[in-house]
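Please read the structure below before turning to the comments.
Letters A, B, ... mirror the listed sequences (proteins, then strands); counts begin at 1.
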Number of protein chains: 2
Amino acid sequence: MATVAADIVVFGYSPEEVTLRVLMIHRKVPPFKGSLALPGGVVENDESIEAAALRELEEETGIKPDFLEQLYTFGEPDRDPRGRVISVAHYALVSVERFTPVAGTDAADADWYPIEDMYTQPLAFDHLKILEMALDRLRGKILYAPLGFDLLPKQFTITELRQVYGTVLNEDLDPGNFRRRILKSKLLKPTGEKRATGYKPACLYEFDEARYEKLSKSGWNIELV
Amino acid sequence: MATVAADIVVFGYSPEEVTLRVLMIHRKVPPFKGSLALPGGVVENDESIEAAALRELEEETGIKPDFLEQLYTFGEPDRDPRGRVISVAHYALVSVERFTPVAGTDAADADWYPIEDMYTQPLAFDHLKILEMALDRLRGKILYAPLGFDLLPKQFTITELRQVYGTVLNEDLDPGNFRRRILKSKLLKPTGEKRATGYKPACLYEFDEARYEKLSKSGWNIELV
DNA sequence: TCAAAAGTGTTGACGGTACACCCATGT
DNA sequence: ACATGGGTGTACCGTCAACACTTTTGA
C-alpha cells in the first residue's frame, strides 16, 4: 500500500513576451517549506488519476488546461521523506494570458515562472527531474502533434505560432518555410480577420480540430516542423 | 492509499518463425481465473517501481529482459474488482529463442503467444488495453530508437534485422534500401563471421552500443526506418 | 545450371533549405 | 520615403524509393 499522488507540470506561453513559463506553487508547510513545487495532490479513492490531476490543478490554481496528458510515474522509495508516495506526473498546456493573475483560489501562491529560473533554486522533492522530463516530452511531441496551438489563444497569427515553436525548440525558424509547412498541413482554419501588428496586418487563424481528428484517424502522421 | 502494482508486456521475437510474441500467464485464481494475464505484481515498500517489475518478471517467468521501460500508469477506480489497484505498466523486449521453454519457475504457466491470439479471447483486467498501448509504443519507438536489436540474439544478419522491422511494423521493407539505411547509421559492428543460410552466406553483425551512446549524446537523432 | 538470398548500382522524383523578392502598413 | 514584418517565388541540393543488376552459395 502506498499513497498515490498526481502532479502536474503546467506550461504557459505568453505571445507578448514570447516566453515559456511553468506554473509553480510556493510551499507553506514542511517538507521543503519555502521551496517551489509542482501543483498536485493525492488521488482520491473513487476518482481516476487524470481526474485527480485536473481537480488538484483547479483547486490549487484555478486553471483548467486545454491539454493534459500523463507523463511518467515517479516512485523511488525515498522520494518523499514522509513515506512511500508514488507520483503520477502529468503535463499540461495553457495560454498564459488567459490565466494571469491567478484568480483568488485555494492557494493563491501559485505563479508563472520562466523555465530557466527553475535551475537557479532548489525545487521540492524530485520536481526538477519531473520538470525536465516534461520539457523533453513537450519538445519531442510538438514536432509531430499539434501542441503548439494549445499554448496560444484561440485565434493567432502564423508568426505567433512560429514564435511558439521557436521558443519551445529554442531555435530560429525561417518565416517563409514555416508558413508553407504549417499551411500545407491543412490544420489551420482562416478566420478571415486580420490583426494590426504595427506593420502589415497578419491573417488570424484557428486550429482546425475536426480536420486534425480526421487526418490522424486516417492513419496519417504529420510532421509540423 | 492504494495498492501499486507493476505489470509488464514482454515482447519476444523468434528469428526462425519471424513472429512477434507476447508473454502471458494463465491465471489460476479469481478474479479472471482461467484468463490470460500479463506478468506482474505488487510493488514492495522499499523497492523502486522498475525494480519491482524486473523482480516480478523473473519470479513469474524466469526472464531478465534486455530492455525494459515504463509505459503508462493505469488507474481507473474500477479496473480491479478487489479494490483500488494502480498498475504501472511496462514493456520489455527479449529474444524469444533464449527463453523457450520457460524454465522451471514459480509459475511455469507462462508462455509465449502470438499477438493476434490476444484478440480472440478475453484477457484479465484491462490487460488488452495495456497490450495495445505497448504495441503502439513499440511500433512508434522502433522507428527512431534501436529497439530492434533487443529482439534479436547478440549476433544477427541484416536480413534478420529487416524481418524484425517488417514484422513489428507489419509491412515489407526493400532489402537493398534497408541495408543501406541501417549501415549508414553506423550502429552495426561487423563481426567478420558469416552464417550459412542455405544460399549465399550473410555477414553477422552486432549492435554497437558504445557508438549509439556517443551519437545520441551528441544530440543526434537517428531515423532507422 | 538454376533458384534464391546477399549485396551493389543507378536513376528519377520529390521535398526542403536558403534566400531573394514583393506587399502592406505606421511613422 | 522607409523600415519592418507579412507573405510569395524559386533554384539548388540532398535524399530516398524503386528496381535492375551482380555475387555467392546449395542442390
Side-chain angles (χ1 to χ4, degrees), chain A residues 14-18 142-144 148 152-153 155-167 169-206 215 219-225, chain B residues 14-18 142-144 148 152-153 155-167 169-206 215 219-225:
Chain A
S14 151
E16 292 85 32
E17 301 176 308
V18 191
I142 204 174
L143 298 176
Y144 63 90
L152 286 172
Q155 301 203 347
F156 52 85
T157 68
I158 290 187
T159 295
E160 287 172 335
L161 186 61
R162 171 167 51 81
Q163 286 171 335
V164 168
Y165 277 84
T167 304
L169 298 175
N170 208 20
E171 61 183 297
D172 287 333
L173 301 172
D174 182 280
N177 296 335
F178 180 83
R179 141 181 295 274
R180 252 189 301 268
R181 264 200 305 273
I182 216 76
L183 286 176
K184 188 156 57 95
S185 79
K186 300 287 187 190
L187 258 38
L188 294 194
K189 189 165 51 183
T191 66
E193 294 170 73
K194 288 178 185 290
R195 172 187 299 164
T197 60
Y199 300 102
K200 177 173 178 178
C203 289
L204 283 169
Y205 294 86
E206 291 179 5
L215 286 174
W220 182 62
N221 66 329
I222 43 177
E223 257 186 53
L224 291 173
V225 182
Chain B
S14 151
E16 291 85 32
E17 301 177 307
V18 191
I142 204 174
L143 298 176
Y144 63 90
L152 286 172
Q155 302 204 345
F156 51 85
T157 68
I158 290 187
T159 296
E160 287 172 334
L161 186 61
R162 173 168 49 81
Q163 287 171 335
V164 169
Y165 276 84
T167 305
L169 299 174
N170 208 19
E171 60 183 297
D172 287 332
L173 301 171
D174 182 280
N177 295 335
F178 180 84
R179 142 181 294 275
R180 252 188 304 267
R181 263 200 308 272
I182 217 76
L183 286 177
K184 187 156 59 94
S185 79
K186 301 286 186 189
L187 259 38
L188 294 194
K189 189 165 51 183
T191 65
E193 295 172 72
K194 288 178 185 290
R195 172 187 300 163
T197 59
Y199 301 102
K200 178 175 178 177
C203 290
L204 283 170
Y205 294 87
E206 290 178 7
L215 286 174
W220 182 63
N221 65 329
I222 41 177
E223 258 187 53
L224 291 173
V225 184

- Query: CG of A:Leu152 to OH of A:Tyr205: how many Å apart, nearest 0.5 Å?
  - Reply: 14.0 Å
- Give me the first and last nucleotide of DNA chain D, going 5' to 3', that has any atom under 4.0 Å from a heavy atom of chain B. D:dC16 to D:dG26
Listing time: all N or O pairs from protein to nucleotides 5-8 of chain C that are below 3.5 Å?
from, atom 1, to, atom 2, distance (Å)
C:dA6, OP1, B:Thr159, OG1, 2.8
C:dA6, OP2, B:Thr159, OG1, 2.8
C:dG7, OP1, B:Cys203, N, 3.2
C:dG7, OP2, B:Arg179, NH2, 2.6
C:dG7, O5', B:Arg179, NH2, 2.9
C:dT8, OP2, B:Arg179, NH1, 3.2

- Message: With nearest nucleotide decided by heavy atoms, which residue, B:Ala196 or B:Lys184, maps closer to the 5′ end of DNA chain D?
- Response: B:Lys184
- Task: List for me each residue that meets ring pair (Phe, Tyr, Trp, His ring centres under 6.0 Å) alongside A:Phe156, sequence neighbours excluded, and say none if there are none.
- Result: A:Phe149
- Item | Counterpart residues, side-chain contact (heavy atoms from CB on, under 4.5 Å), relative to B:Pro153 (two or more places apart) | B:Pro15, B:Ser95, B:Glu97
- Item | Set of residues satisfying side-chain contact (heavy atoms from CB on, under 4.5 Å) with respect to A:Asn177, sequence neighbours excluded | A:Asp174, A:Arg180, A:Arg181
- Note on the structure: For A:Glu160, the side-chain hydrogen bond (donor to acceptor under 3.5 Å, both in side chains) test, sequence neighbours excluded, returns A:Arg195
- Message: My understanding is that only residues two or more places apart in sequence, or in another chain, count here; which of them pass side-chain contact (heavy atoms from CB on, under 4.5 Å) with B:Glu206?
- Response: B:Lys154, B:Gln155, B:Lys189, B:Thr191
- Item | Partner residues of B:Arg162 under the side-chain contact (heavy atoms from CB on, under 4.5 Å) criterion, sequence neighbours left out | B:Thr159, B:Leu173, B:Pro175, B:Phe178
- Contacts of type salt bridge (Lys or Arg N to Asp or Glu O under 4.0 Å), residue A:Glu193, not counting sequence neighbours: none
